[in-house]
Every structure is written in structure tokens, then in C-alpha cells.
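Beneath this line is the structure, given in C-alpha cells, with notes to follow.
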Amino acid sequence: MAENEESNPMNLPVRIFAVGEEPVGIRVTPYHKPRAIRRIINALDADEVEFLRGSPFGKFVDIAELPSFSGRFGRYIISRQLKVSKRHEAWFLFAGKPIRFSIREFAFVTSMNCSKYPAHSKKRTTRNINEKPYWGELFGTLKDVPVRNVIRMLERKTVTGRETRIKYACLALLASVILPTTHSPRISHDHTEKIKDIDEFFAYPWGRVAFEMLMSSIKERNEISLSQNTIALKGFVLALQLVMIEAVPALTEVVRDGSSSGSEGDFADEEDLDDEDRKGKKSISPAHARDTDILATAQVVPIISSASVFNGTEQKLDWSDDEVDTKVDNLMKLIENGHNFSNELFTGGVSKVDVVRMREEANVDAAVRKTKKQKTTIQVPDSLDAEYIAAVVKAAVKEDITRLEGQLSKLNQTVSLFQSTLLATVQNVLKNIQSDISTMRRQSIPPTLPSGCVGIEDPCEPHAKNANPSPPQTMERGTMEPNPADIINSAINFVVEATNTLDGLDGGLRFENPTFSLGLSQEQCVKEQTKNHDDVLGTDDINPPTDHVVDDFEVPLHAFRKNKRPRVVPKALVGEYACDKRLLNQERVAHFGFNTADPSVDYGYKFAKLAEKLQFPFVINIGDSSIGSKDISQIVERKCTLSAKVVDVLMHHTRLVYQAQSPQSHVVFLDTKFISQLARSSAKFSKAAKKDSFAFPATLCGSIIPESRTAAAQRYYFPFNLDKTHWVGICADTVTLSLVVLDCNIALRTDALMTKELKKIAVMFPYHLRQAAKAGTSKDTKPMNVERPRSVPQNPTQYESALTSVLLIQAHEVAGVEVCKCITPDVLAAEAERVAVMFYEDYVGSL
């Protein structure tokens with residue numbers, strides 16, 4: 001496989017693949033996009049292109065007009081490498097002659113700054129940490145910016161500042177052409193921070209960075225990976241083809257139209273291609289390159305860069321970590337002496353059979369490394385005895401026992417410290433009590449128990465007939481000082497006895513569970529005791545229930561409340577103060593509840609009776625609409641999406657209940673018919689030259705401001721269906737000029753998509769409201785803002801969205817989004833049963 005010294009007398013680098021054994025692959029796939037150069041240049045203004053041409057990136061303006069990269073030619077060259085030890089050099093054979101590819105050649109064909117990296121500055125690093133990142137000044141809140149988006153912003157003049165546009169162009173060149181690592185390049189945050197000062201940005205050796213990326217991508221491949229059909233290389237791969245063209249000018253004698261396989265055309269997005277890209281750009285002919293290599297008659301320049309001066313600036317292009325390779329040194333001497341090279345001078349290389357064998361060995365080694373595990377083998381004697389088993393077990397649990405002993409020791413120390421601390425605390429307390437007793441004895445003042453425990457007169461004394469608490473004992477002078485512990489126990493017993501005497505008090509005077517909920521409710525009523533109590537509470541004697549379970553979201557409805565007026569929480573209270581969730585839910589039920597005159601209704605019992613009636617078909621007429629037993633069953637079961645007809649019935653009843661309680665309110669409830677009529681008018685409205693003079697249908701104006709109202713309302717509620725599967729509630733607020741979306745599943749649509757869905761309504765509603773009201777409304781007809789509160793409880797079940805939306809509309813009308821927090825998925829079952837009972841009792845009869 002390898003040639004010995006006799007076959008290589010000049011001690012030159014050997015081939016990686018033997019002559020005639022080079023792998024015939026398909027292409028080299030570059031990550032860089034030469035077409036991106038053309039798009040960036042075309043997107044810039046003339047003065048911006050000239051500025052870029054005068055910068056270290058100026059050579060790329062000319063490279064955009066050169067032949068595009070040929071993936072097949074790149075595959076042909078990469079297979080004809082020489083094996084060298086230098087990390088930063090690659091040598092290729094063409095027409096029997098060596099061609100060097102190093103950082104000098106890279107700098108020659110790209111004219112980029114390839115000098116050494118600047119010294120690390122701690123001061124500069126500290127300043128960058130303390131400063132605000134520059135990314136936000138260029139791209140705002142975006143966290144990820146694809147290069148194609150930047151190019152489009154340049155093309156569409158989204159950014160107009162000259163300096164910003166130049167920075168956009170430089171960052172796009174770095175990400176997509178000079179330092180690409182993927183076919184979908186994105187702007188780097190690190191590059192963005194460096195471009196804050198554009199002069200420092202251009203002074204940075206980006207050429208060295210690009211060369212290291214490309215060279216490491218070439219060097220990391222061995223004979224096996226080089227034998228693959230497709231090879232992906234990072235960095236500016238076109239530089240390799242540019243060096244070959246400079247070394248072998250005959251390669252450009254024959255070109256072909258259209259990019260060859262593996263060029264930039266293989267990964268171009270159709271929308272990103274311009275007319276020149278679609279027609280195809282000229283590239284090197286792989287067939288002509290192969291024929292030129294076989295004939296070996298073309299002129300070849302092994303080293304195209306004989307000096308270290310480029311563009312009039314001397315660059316330090318050496319490497320401090322490069323290895324010494326004697327064979328490369330011998331090759332350089334022959335080149336300097338003008339030696340006539342031929343293919344016979346370069347021997348060695350592996351064959352295809354060797355590559356197959358190497359691949360099999362690599363697979364075996366990989367399998368062994370994957371499955372090999374370190375196992376401890378225990379020698380088990382033929383005859384097991386107790387001592388052997390004990391030794392094995394002891395060795396296995398030795399570490400665990402040691403760790404457990406350490407933990408027990410720490411625990412013992414902790415307990416000891418706690419005991420000593422507790423003992424010291426108790427002793428201090430006893431000393432303080434003893435000191436107080438001694439002081440009181442010296443002052444001839446008998447020690448007494450805390451106030452409230454001695455001499456309970458009012459209200460306990462008149463009712464404590466069977467209680468005889470022991471009076472506090474006083475200490476006389478000269479008596480023995482009592483034990484402090486006895487005094488404490490005596491005080492505790494006295495308090496217990498005094499408390500027990502309260503059991504005999506009148507129930508009307510006891511407040512075991514007093515409430516201070518702003519006078520809205522009292523926890524319990526008790527049975528009447530005297531005639532005076534009858535005059536206050538009423539004459540009906542109602543026994544309190546023995547067991548009463550309160551729902552998590554309901555304030556208990558007590559059966560002993562004598563006043564028959566519905567318990568309604570003032571809306572002003574809910575709107576101005578932060579209230580408990582149960583109080584908010586009580587307000588919602590009070591305003592949109594059912595049979596509010598009788599708060600003791602058992603809806604579970606009533607629904608059980610209604611469930612029997614739902615087994616037989618019937619129809620309930622509600623205004624101009626009707627609802628059948630099947631529709632009511634669908635509301636309760638929630639196993640399918642409710643139809644628009646059922647949702648309209650729910651909104652109709654909501655409107656009737658609300659108008660009965662608040663006739664002069666500033667709220668209007670609309671149904672789905674309003675949205676349908678408004679949508680039919682959108683086409684003509686969009687074509688109208690003067691929106692103010694557009695005439696909406698009379699039926700549409702009548703629905704938004706009924707005859708019973710004299711002026712426009714402040715809020716309009718209506719349901720809205722998305723894709724015929726998901727319902728949301730909409731509140732059109734004319735005061736804040738906003739559309740509030742009450743969505744129980746915001747994961748289905750982003751805020752941008754929801755705004756797009758409601759765009760027509762947001763634009764048309766102000767004009768429609770202005771025409772319908774004629775007076776008393778705002779003259780501002782700008783589009784309404786779309787808002788979607790995040791605090792609305794979420795419910796991913798789409799079949800429950802219709803009922804949830806109606807309940808959210810009712811809750812939002814009461815006191816805004818705060819009350820909407822009560823509409824959680826776990827209350828829908830009870831709410832659905834209430835709706836069913838409501839429809840039947842309000843329009844058919846009592847259950």
C-alpha cells in the first residue's frame with residue numbers, strides 16, 4: 001500500500017489514492033452560496049456597492065461575475081490530494097504537477113485580511129460585558145435572523161440607513177459566503193457585536209477565520225470519508241476552484257452553461273432565484289478538466305503566490321503551530337529549481353480494495369467501542385460457603401454502609417444541638433416566669449390570669465349557668481413560692497373551662513364563624529329562640545341543614561335567609577376592588593344565573609328529572625329561534641362542536657336575562673347572524689373609495705342598535721367561529737377602540753394570525769357603528785386594536801369551546817377579565833346542566 005524508500009528516491013509526499021484508484025464520486029457540496037453574493041450586490045445602491053468594493057470584502061464584488069462553483073470538478077480535485085503533515089497546507093496533483101493550497105493562495109484569490117489574530121484585550125472584553133448588546137440595535141427583539149430575510153430587507157428597502165444597510169450586507173456575506181456551516185445560514189450574534197465599529201470589523205482577519213474553517217473541513221477527512229459519493233465542506237469552498245483556475249488557466253478554455261451538480265443551484269430556493277440564476281450561470285466543464293489532467297500538457301503554476309504582499313499591504317501569513325514536513329520541504333526545493341514534474345514522481349496511495357477493508361475494520365472497531373463495558377468478574381468457587389458469601393456482600397455494601405454511618409453521625413450531632421438549644425430556651429422561660437412571680441410577691445400584687453378569662457360577665461355570664469370556673473388564686477406574703485409549671489397548667493385549664501361554658505349560650509348570640517365580607521353574607525342562621533328574635537328574623541321556623549357541602553367556586557346559598565330578594569353583589573364593588581374568586585363567580589351567577597329569586601335550587605336534582613325528559617324528542621321556541629332536545633343533549637354531553645343555531649340561542653337568552661336585570665345598560669349582545677351580514681358587506685366596503693359614505697344594510701344597523709335603545713352602547717359582545725371548529729368570544733369596546741378576544745385555546749393561533757382573522761371586523765366596525773348610531777359616538781374611525789388576554793383559563797377540548805365562549809362573554813360583561821378566571825374546564829359540566837335546566841324551566845315549565 002505504501003511505497004518504500006526505493007520507489008520514492010526524492011522523498012516526496014505520497015498520494016492519498018493510488019493512480020487510477022481515485023474514487024469516482026458525484027460532487028462536493030458547498031455550504032456557501034455564490035448566488036447570495038449577486039443578490040446582496042443587486043440589493044445595494046451604487047454608492048453602497050462602491051463602498052463595499054473598497055473594503056476588504058471588495059473582491060467578492062468581482063467574484064460574483066466569475067464562473068460558479070462546480071461540484072463535480074471539486075470532487076475530482078479533492079480525490080487527488082497528497083498526504084502531508086502540515087495542518088495548514090493542502091497539495092493537489094493536476095496534470096502530473098503539484099499545486100499548493102495554503103493561506104497565501106487563499107489571500108491571493110480573495111484579497112481578504114489573513115494576518116494574525118489581534119492580541120486579546122481584557123479591557124475590551126470587560127467593556128463588552130457591561131455594554132448593551134448591539135444585536136438589539138440592528139434586529140430589535142428578533143432572536144434568530146435568517147440570511148434570506150436580511151437580503152429581502154435590503155431588496156425591499158426595509159432599512160434605509162446607509163451604514164445599517166452596509167452592515168446588513170457584510171453580515172450576510174459572512175454567514176452565507178465566507179463562513180457558512182449550513183445550507184440555511186443565519187446571522188451570528190458574535191459577528192453582530194463585532195460590527196458595531198465597522199472600522200474595527202474590517203480590520204479583523206476574517207480571511208484567516210475562513211481559511212481555517214475550510215482547511216479543517218478538508219483535513220478531517222480520511223480515505224474512507226473521501227470515498228463517499230458526496231462530500232460536504234464548510235467555509236468558502238469556491239476559493240479552492242479559484243486557486244486551481246489561477247494555477248491552470250486552461251481550465252477556463254471550455255465552460256458550460258448552467259451550474260454543474262453540486263453547485264449552488266442544488267440548494268436554491270425558487271423564490272430566491274433571479275432571472276440569471278434560472279437561466280443558469282457559466283461554470284467549469286468537468287469533462288474538459290478531466291481531459292486536461294490526463295493529457296498533462298497544460299501549463300501549471302505550482303505556487304501562484306510567490307510573495308507575501310497583497311493589495312500593497314504586507315501580511316503575516318505564517319503559523320506558529322505548523323508542523324515541519326521534510327517531504328514538503330523537498331517538494332518546495334524542486335519547485336524553486338524549476339523541476340519538471342510528472343505523475344511517475346508521486347507514488348503510493350490506497351486502492352479501492354484497501355478502502356473497503358479499512359471501512360470494515362472501522363465498523364468493527366466502532367461496534368466494539370459501543371458494546372464494550374467494564375465488568376468486574378468474581379471468581380466463584382465450586383463449593384459456596386457462608387464466609388465467602390458474607391465477604392462478597394460486605395464488599396458490595398461497604399461504600400453504602402460508610403455513607404450511611406456518616407449521615408447518622410451528622411444526624412446525631414444535629415439532634416444533640418437541638419436538644420441543648422431547646423433545654424436552654426426552656427430554662428430561660430422558666431427563669432423569666434420565676435422572676436416575674438418574685439417581683440409580684442414583693443410588691444404584694446397577686447398574680448392574675450390574662451384578661452378575658454377572669455370574671456366573664458358579658459355576654460357569657462348570663463348564660464353560663466352550669467359553668468363554675470375556679471377563681472384565680474392569690475398569693476399571700478410569706479407563703480411558699482409556687483411552681484411556675486403549676487401556674488401555667490392552671491391557666492390553661494381555666495381557659496378550657498371558660499370556653500366550655502359558651503356551649504350553653506343562646507345560639508342567636510354566638511358567632512362561631514363570623515364573616516366580614518363587607519356585609520354581603522352571614523355564614524349561618526340559627527333557629528329562633530324568643531319572640532323578640534321572631535320579630536327580627538321572621539315568623540317562619542326553618543331548621544338549618546345538618547350537612548352542607550360548598551362548591552369550590554360558589555358562595556353557599558343558605559336556606560335560612562328570610563329575605564327573598566336575590567343575593568346580588570354590586571357591580572361597582574366587583575369592578576373597583578380586588579375580590580376573591582368565589583365572590584366574582586357569585587356576581588356572574590347572580591347576573592346571568594337562573595331562577596335567582598330562589599337561591600336554594602338544587603340544579604343537580606332538577607337536571608336528573610330533565611334527563612328523563614330528554615329521552616323523548618321535543619322542541620322549545622325561544623324568540624325567532626328554536627332548540628330541540630337533541631341540541632340540549634349536545635350542550636350537556638359536549639361531544640361535538642355546537643352549531644351556529646345553538647350558539648345563537650345561547651346568546652339570545654343571555655340578552656333576555658341581561659335586559660331583564662339591566663334595562664338601561666350600555667352593553668349589547670349579538671349573535672352569529674351579525675358577523676355573517678358584516679362579512680357579506682366586506683367586499684363592497686373594501687372597494688368603496690370613501691369609507692365614510694358607505695351605506696351598510698338597514699338590517700345590520702338595526703341589529704347593532706335595536707329600537708329599544710336611543711344611543712349606541714359601550715360594549716358589543718358576539719361569538720366568532722374559526723374554521724368551523726373553534727369558537728371564541730369577542731368584545732368590541734367602543735371606549736378603548738379595541739376588540740378583546742376571549743379565547744380558551746390560544747395555542748391554535750398566534751396573535752398575528754388572530755389579528756389577521758379579525759382585521760376586516762376591526763376596520764369595518766367603527767364605520768358601521770358611526771352610521772348606525774348617527775349621533776353620540778366617537779368620530780374616530782381608525783381600526784380597532786385586537787387584544788387577546790393571556791389570563792383567560794385554557795381548555796384544549798374544541799367541543800367545549802362554544803359553551804366556554806358564551807360563559808366567558810357573560811363573565812367579561814360582569815367585571816372584565818378577572819371574572820373570566822372563574823370559567824375553568826372543571827366547572828363546565830355543572831354550567832352545562834344549568835343551561836339545560838334554564839331553557840326548560842324558563843320556556844316550558846318548572847321541573
Side-chain angles (χ1 to χ4, degrees), residues 588-589 591-598 601-661 668-677 679-680 699-700 702-704 706-708 717-722 724-729 797-810 813 823 827-847:
R588 180 185 64 84
V589 174
H591 283 80
F592 293 98
F594 326 114
N595 299 325
T596 54
D598 189 4
V601 173
D602 186 355
Y603 290 100
Y605 173 75
K606 288 181 174 291
F607 178 74
K609 297 178 63 177
L610 177 60
E612 299 177 358
K613 298 181 179 294
L614 291 177
Q615 298 178 1
F616 304 97
F618 61 85
V619 177
I620 301 176
N621 295 320
I622 303 176
D624 297 335
S625 304
S626 62
I627 186 171
S629 57
K630 183 178 180 181
D631 299 326
I632 298 178
S633 299
Q634 290 179 354
I635 296 175
V636 176
E637 295 173 356
R638 309 185 310 282
K639 295 182 179 180
C640 62
T641 304
L642 297 184
S643 62
K645 183 191 74 171
V646 178
V647 176
D648 287 345
V649 172
L650 292 173
M651 293 300 297
H652 178 75
H653 184 268
T654 300
R655 180 167 59 252
L656 293 179
V657 173
Y658 185 81
Q659 290 178 352
Q661 294 193 11
V668 171
F669 296 93
L670 304 172
D671 52 22
T672 59
K673 297 177 183 178
F674 167 75
I675 297 299
S676 300
Q677 295 175 358
R680 285 194 291 268
T699 55
L700 193 60
S703 62
I704 196 172
E707 296 179 357
S708 59
Y717 291 93
F718 53 87
F720 189 75
N721 186 258
L722 301 170
K724 299 182 180 180
T725 56
H726 181 64
W727 289 89
V728 298
T797 306
Q798 67 177 21
Y799 298 147
E800 298 178 350
S801 62
L803 179 61
T804 304
S805 299
V806 176
L807 295 176
L808 287 174
I809 288 176
Q810 297 176 0
E813 190 282 327
I823 311 301
V827 303
L828 286 184
E831 294 293 341
E833 293 179 359
R834 289 190 179 192
V835 169
V837 174
M838 166 193 67
F839 282 148
Y840 192 88
E841 289 196 334
D842 288 0
Y843 299 100
V844 178
S846 178
L847 289 171

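- Heavy atoms only, all atoms of each residue included: Ser629 and Pro617 are closest at OG-CA, 3.3 Å.
- At a threshold of 4.5 Å between non-hydrogen side-chain atoms, the residues Ile635 and Ile627 count as touching.
- A heavy-atom distance below 4.5 Å is not found between the side chains of Thr654 and Tyr717.
- More than 12 heavy-atom neighbours from other residues, nucleotides or ligands sit within 6.0 angstrom of CZ on Phe618.
- In this structure, Arg638 and Thr797 have side chains that are not in contact, with every pair of non-hydrogen atoms separated by 4.5 Å or more.
- Summarising the geometry of Tyr840 relative to Ile620, their closest heavy-atom pair is CA-CD1, 4.2 Å, with the distance given to 0.1 Å.
- Across all their heavy atoms, Leu803 and Ala832 have their closest contact at CD2-CB, 3.8 Å.
- To the nearest 0.5 Å, atoms CZ (Phe669) and CZ (Phe718) are separated by 13.0 Å.
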Might you work through the side-chain contact (heavy atoms from CB on, under 4.5 Å) test for Asn721 and Ile675, ending with a clear yes or no?
-> CA-CA 10 Å; Asn721 186 258; Ile675 297 299; over 6 Å; no
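- Leu610 CG to Gln615 CD: the interatomic distance, rounded to the nearest 0.5 Å, is 10.5 Å.
- To the nearest 0.5 Å, atom CD1 of residue Ile632 and atom CZ of residue Phe607 are 9.5 Å apart.
- With rounding to the nearest 0.5 angstrom, the NE2 atom of His726 is 5.5 Å from the OG atom of Ser801.
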If you look only at distance, which donor and acceptor atoms sit under 3.5 Å apart when one is on a side chain in residues 641-651 and the other is two or more places apart or in another chain?
{"unit_1": "Lys645", "atom_1": "NZ", "unit_2": "Asp631", "atom_2": "OD2", "d": "3.2"}
{"unit_1": "Asp648", "atom_1": "OD1", "unit_2": "Thr672", "atom_2": "N", "d": "2.9"}
{"unit_1": "Asp648", "atom_1": "OD1", "unit_2": "Thr672", "atom_2": "OG1", "d": "2.7"}
{"unit_1": "Asp648", "atom_1": "OD2", "unit_2": "Thr672", "atom_2": "OG1", "d": "2.8"}

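- A distance of 10.5 Å separates NZ of Lys630 from CD of Glu637, quoted to the nearest 0.5 Å.
- For the atom pair Gln798 CD and Lys724 NZ, the distance stands at 14.0 Å (nearest 0.5 Å).
- Residues Ser626 and Asn621 share a closest heavy-atom pair of CB-OD1, 3.5 Å.
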